[in-house]
**Student:** 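Right, I'll just put the structure down here and ask away after.
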Amino acid sequence: MLTINLIREQKEFIIKRLKIKNFEAKSIVKKILLLDSSLRKIQSKTELLQGEMNRVSKEIGILLKDGKLKEAEKAKKKTSSLKVKIKSLSDKLIPIENNLRTEIIKLPNLPHETVPKGYGANNNVKVKEHKVKIHISESALPHWDLIKKYDIIDFDLGIKLTGAGFPVYKGKGAKLQRALIRFFLDEGEKAGYTEMMPPIMVNEESGFGTGQLPDKEGQMYHATLDNFYLIPTAEVPVTNIYRNIILNADKLPIKNIAYTPCFRREAGSWGADVRGLNRLHQFDKVEIVQIAHPDHSYKCLNEMVKYVEGLIIKLRLPYRILRLCGGDMSFTSALTYDFEVWSAAQKRWLEVSSVSNFESFQANRLKCRFKEKGDKQTRLVHTLNGSALALPRIVAAILENNQTESGIKIPKVLIPYTGFEMIN
RNA sequence: GGAGAAAUGGCAGAGCGGUCGAAUGCGGCGGUCUUGAAAACCGUUGAUCUGUAACCACGGAUCCGGGGGUUCGAAUCCCUCUUUCUCCGCCA
């Protein structure tokens with residue numbers, strides 16, 4: 001959510017910037033400013049009357065104490081007309097406030113100045129591509145065949161238990177999952193991230209705080225009886241830890257890492273590219289989150305990008321880094337880098353991480369602020385997060401890229417965690 | 001799930017329906033003392049919105065778990081929701 005101050009002061013700038021996200025903000029901004037000015041007018045009027053009311057009420061108290069009953073009664077009469085006026089004004093206030101809020105919520109975050117204009121994945125800018133030699137034969141199998149061959153992941157069993165997109169990991173398949181999770185968490189700890197293990201269901205307020213609600217309601221599983229949502233990413237509970245909080249500046253940046261299962265309904269996106277592990281309703285992910293000082297958030301973003309890159313390099317996977325264009329970015333993000341790994345048998349790039357700076361967009365919803373030492377004023381923090389990493393597509397790439405005649409080679413860094421070197 | 005009690009500032013903890021934004025203690029910050037530190041003493045100490053000033057400053061509104069109500073006036077009374085604690089029941 002953009003701050004009302006920014007909208008008031010930088011109207012033209014906002015409209016211009018949002019065009020990069022292909023968002024036409026002009027009419028919404030106009031509406032917001034109109035609502036805002038009438039809100040403020042009514043508000044100051046109401047406050048004036050309220051102040052008068054408080055004064056008279058205080059007088060009545062004093063008069064009664066002094067036993068001046070008649071004068072007290074007179075003063076009471078005065079308040080009744082004030083009361084009516086205040087009521088009629090504050091009744092007007094509520095719908096304006098609501099309208100204002102629904103309008104402000106419609107505005108996406110401003111893209112960073114380095115974000116390229118564009119309409120979709122084709123306009124993303126390749127920042128880096130890192131090649132690793134892969135030797136696989138022409139008869140190499142895609143991962144959905146490999147997992148059957150070695151019996152390590154069972155989709156049919158998942159269908160029996162739950163439905164499509166809920167695989168069952170078996171034997172070495174399950175151990176590989178566990179190994180990756182532990183590897184990712186240990187690496188994070190080494191890089192200064194504090195581990196969190198949050199609930200994987202959240203309430204409505206948390207869903208709103210990070211921006212999933214109200215827009216993406218249909219993308220989350222909803223436990224309606226208790227009005228809880230299954231999290232689509234650990235970003236939601238971990239970032240919401242800092243909801244309604246005022247931090248000391250010297251605590252920043254806060255670095256958290258969390259492993260959680262993630263649940264996505266993927267309504268409407270079921271199509272051609274969803275075979276095997278490419279798209280699931282439940283998957284495992286390790287997420288990194290930073291709460292940063294606004295002056296240093298882009299330094300944090302770069303650090304996170306470097307960190308994620310390091311993980312992929314350690315796993316010896318070919319990858320590329322993309323800077324997303326305006327049209328491909330999320331509603332809440334100011335700058336996003338996507339990481340894709342090459343899946344050799346499918347012969348395609350798979351997105352395994354998305355690292356974003358949300359600047360103060362989430363913080364404004366979350367009301368997460370900080371205070372400089374000795375300073376009276378609070379400022380909004382910047383929030384950032386990134387996958388480090390999402391498991392299924394990493395697994396898919398490892399299986400496909402590392403397949404040999406005698407089985408699938410486990411990347412060296414994982415062997416201490418798996419306890420075996422081959423899946424065969 | 002049943003019965004009862006409670007929810008106040010960073011924490012602890014007062015608070016007859018009328019100068020209560022809230023006593024007091026701790027903590028924090030500033031100062032005195034000290035070569036330095038501790039102790040002691042003195043001072044200071046929240047948030048949001050808003051008006052004049054627009055650096056420092058001054059004023060107003062709102063906030064005592066959330067929402068609603070009674071009243072000229074609510075931290076204080078009533079309703080409701082949430083959370084916590086105690087007891088009972090059930091249970092990994």
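Throughout, a chain's letter reflects where its sequence line sits, starting with A, and its residues are numbered from 1.
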**Student:** Between B:C20 and B:U24, how far apart are the two P atoms, rounded to whole Å?
**Tutor:**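 Looking at atom P only, B:C20 and B:U24 are 12 Å apart.
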
**Student:** What is the distance, rounded to the nearest whole Å, between atom CZ of A:Arg379 and atom C1' of B:A47?
**Tutor:**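 It works out to 18 Å between those atoms.
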
**Student:** Output the rounded distance in Å from CG (A:Leu93) to P (B:U48).
**Tutor:**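 After rounding, the reported distance stands at 20 Å.
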
**Student:** Let's test this: given Watson-Crick or G-U wobble pairing with both distances under 3.5 Å, identify the partner of B:U70.
**Tutor:**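 Partner of B:U70: none.
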
**Student:** Could you let me know what B:G43 is paired to, Watson-Crick or G-U wobble, both distances under 3.5 Å, or none if it's on its own?
**Tutor:**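 The base-pairing partner of B:G43, which may sit in any strand shown, is B:C29.
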
**Student:** Do any side-chain nitrogens or oxygens of A:Arg40 fall under 4.0 Å of OP1 or OP2 in B:U50?
**Tutor:**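 Checking A:Arg40 against B:U50: at least one side-chain N or O falls below 4.0 Å of OP1 or OP2.
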
**Student:** Distance check: side-chain N/O of A:Lys371 vs OP1/OP2 of B:A47, anything under 4.0 Å?
**Tutor:**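 So the side-chain polar atoms of A:Lys371 do come within 4.0 Å of the phosphate oxygens OP1 or OP2 of B:A47, strictly under.
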
**Student:** Using the P atom as the reference point in each nucleotide, state the distance between B:U52 and B:A37 in Å, no decimals.
**Tutor:**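 Each nucleotide's P atom is 46 Å from the other's.
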
**Student:** Which whole-number value in Å describes the distance from A:Asn248 CG to B:U45 C1'?
**Tutor:**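 Answer to the nearest Å: 14 Å.
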
**Student:** Round to the nearest Å and state the distance from A:Leu225 atom CG to B:G1 atom P.
**Tutor:**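 Rounded to the whole Å, the gap is 11 Å.
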
**Student:** Please verify the inter-ring angle class for A:Tyr193 with A:Tyr307; under 30° counts as parallel, over 60° as perpendicular, anything in between as tilted.
**Tutor:**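 Plane angle between 30° and 60°, so tilted.
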
**Student:** Quick one: do A:Arg55 and A:Glu52 make a salt bridge, cutoff under 4.0 Å?
**Tutor:**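 Looking at A:Glu52 together with A:Arg55, the answer is yes, because their closest N to O distance falls below 4.0 Å.
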
**Student:** Considering only atom P, compute the distance from B:A6 to B:G10 and round it to an integer number of Å.
**Tutor:**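 One P to the other, the span is 24 Å.
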
**Student:** Rounding to an integer number of angstrom, what distance separates B:G2 and B:A12 when you compare their P atoms?
**Tutor:**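 Each nucleotide's P atom is 30 Å from the other's.
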
**Student:** Looking only at the aromatic ring of each residue, does the gap between the centers of A:Phe358 and A:His382 stay below 6.0 angstrom?
**Tutor:**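 No, the ring centres sit 6.0 Å or more apart.
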
**Student:** When you match A:Thr378 and A:Ile62 each to their closest nucleotide on RNA chain B, which lands nearer the 5' end?
**Tutor:**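 That would be A:Ile62.
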
**Student:** To the nearest Å, give me how far apart CD1 (A:Ile4) and P (B:U48) are.
**Tutor:**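 A:Ile4 atom CD1 is separated from B:U48 atom P by 17 Å.
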
**Student:** Is a salt bridge present between A:Lys412 and A:Glu421, judged by a nitrogen-to-oxygen distance below 4.0 Å?
**Tutor:**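 Result for this pair is no, no salt bridge flagged.
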
**Student:** Grab the CG-C1' distance between A:Asn244 and B:G10 for me, whole Å please.
**Tutor:**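 In whole Å, B:G10 C1' and A:Asn244 CG are 16 Å from each other.
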
**Student:** Take atom CD in A:Glu204; do more than 12 heavy atoms of anything else shown fall under 6.0 Å from it?
**Tutor:**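 No, because the 6.0 Å sphere around CD of A:Glu204 holds 12 heavy atoms or fewer from other groups.
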
**Student:** In whole Å, what separates the C1' atom of B:U70 from that of B:G30?
**Tutor:**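 Pairwise C1' distance, B:U70 against B:G30, rounds to 46 Å.
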
**Student:** Please give the nucleotide sitting opposite B:G89 as a Watson-Crick or G-U wobble pair, both distances under 3.5 Å, or none.
**Tutor:**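 Check on B:G89: unpaired, no WC or wobble geometry under 3.5 Å.
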
**Student:** Quantified in whole Å, what is the C1' atom distance between nucleotide B:A75 and nucleotide B:C63?
**Tutor:**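 That atom pair is separated by 11 Å.
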
**Student:** Which one is paired to B:G21, where only Watson-Crick or G-U wobble pairs with both distances under 3.5 angstrom count?
**Tutor:**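 WC or wobble partner does not exist here.
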
**Student:** Using whole Å, report how far NZ of A:Lys45 lies from C1' of B:G51.
**Tutor:**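 One finds 16 Å between C1' of B:G51 and NZ of A:Lys45, rounded.
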
**Student:** From A:Lys175 NZ over to A:Thr418 OG1, what is the distance, rounded to the nearest 0.5 angstrom?
**Tutor:**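 With rounding to 0.5 Å, NZ (A:Lys175) is 7.5 Å from OG1 (A:Thr418).
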
**Student:** With the threshold set at 4.0 Å, does a side-chain nitrogen-carboxylate oxygen contact exist between A:Arg243 and A:Glu205?
**Tutor:**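 Salt bridge between A:Arg243 and A:Glu205, a charged N being under 4.0 Å from a carboxylate O: yes.
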
**Student:** In whole angstrom, what separates A:Asn203's CG from B:U83's C1'?
**Tutor:**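 After rounding, the reported distance stands at 13 Å.
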
**Student:** Using the six-membered ring wherever Trp is involved, compare the ring planes of A:His281 and A:Tyr221 and label them parallel, tilted or perpendicular (cut-offs 30° and 60°).
**Tutor:**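 Because their plane-to-plane angle is over 60°, the rings of A:His281 and A:Tyr221 count as perpendicular.
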
**Student:** If we call it a pair only when both distances are under 3.5 Å in a Watson-Crick or G-U wobble match, what pairs with B:A61?
**Tutor:**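 With both distances under 3.5 Å, B:A61 matches B:U48.
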
**Student:** For B:U82, what is the paired nucleotide under Watson-Crick or G-U wobble rules, both distances under 3.5 Å?
**Tutor:**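 WC or wobble partner is B:A7.
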
**Student:** Provide the Watson-Crick or G-U wobble partner of B:A53, both distances under 3.5 Å; none if there is no partner.
**Tutor:**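 For B:A53, the partner nucleotide comes out as none, under the 3.5 Å rule.
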
**Student:** When the P atoms of B:A3 and B:A14 are considered, how many whole Å apart are they?
**Tutor:**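 The same atom, P, in both gives a distance of 28 Å.
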
**Student:** Please state the C1' separation for the pair B:G15 and B:C90 - nearest whole angstrom.
**Tutor:**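 Approximately 41 Å lies between the C1' atom of B:G15 and that of B:C90.
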
**Student:** Angle class for the A:Phe331/A:Phe361 ring planes (parallel below 30°, perpendicular above 60°, tilted otherwise)?
**Tutor:**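 It falls in the perpendicular class, over 60°.
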
**Student:** Could you run through nucleotides 60-81 of chain B and give me one letter per nucleotide, 5' to 3': B if any protein heavy atom sits under 4.0 Å from the base, S if only the sugar-phosphate is that close, - if neither?
**Tutor:** BSS---------BS--------

**Student:** Determine which nucleotide pairs with B:U34, using a 3.5 Å limit on both distances of a Watson-Crick or G-U wobble pair.
**Tutor:**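 Check on B:U34: unpaired, no WC or wobble geometry under 3.5 Å.
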
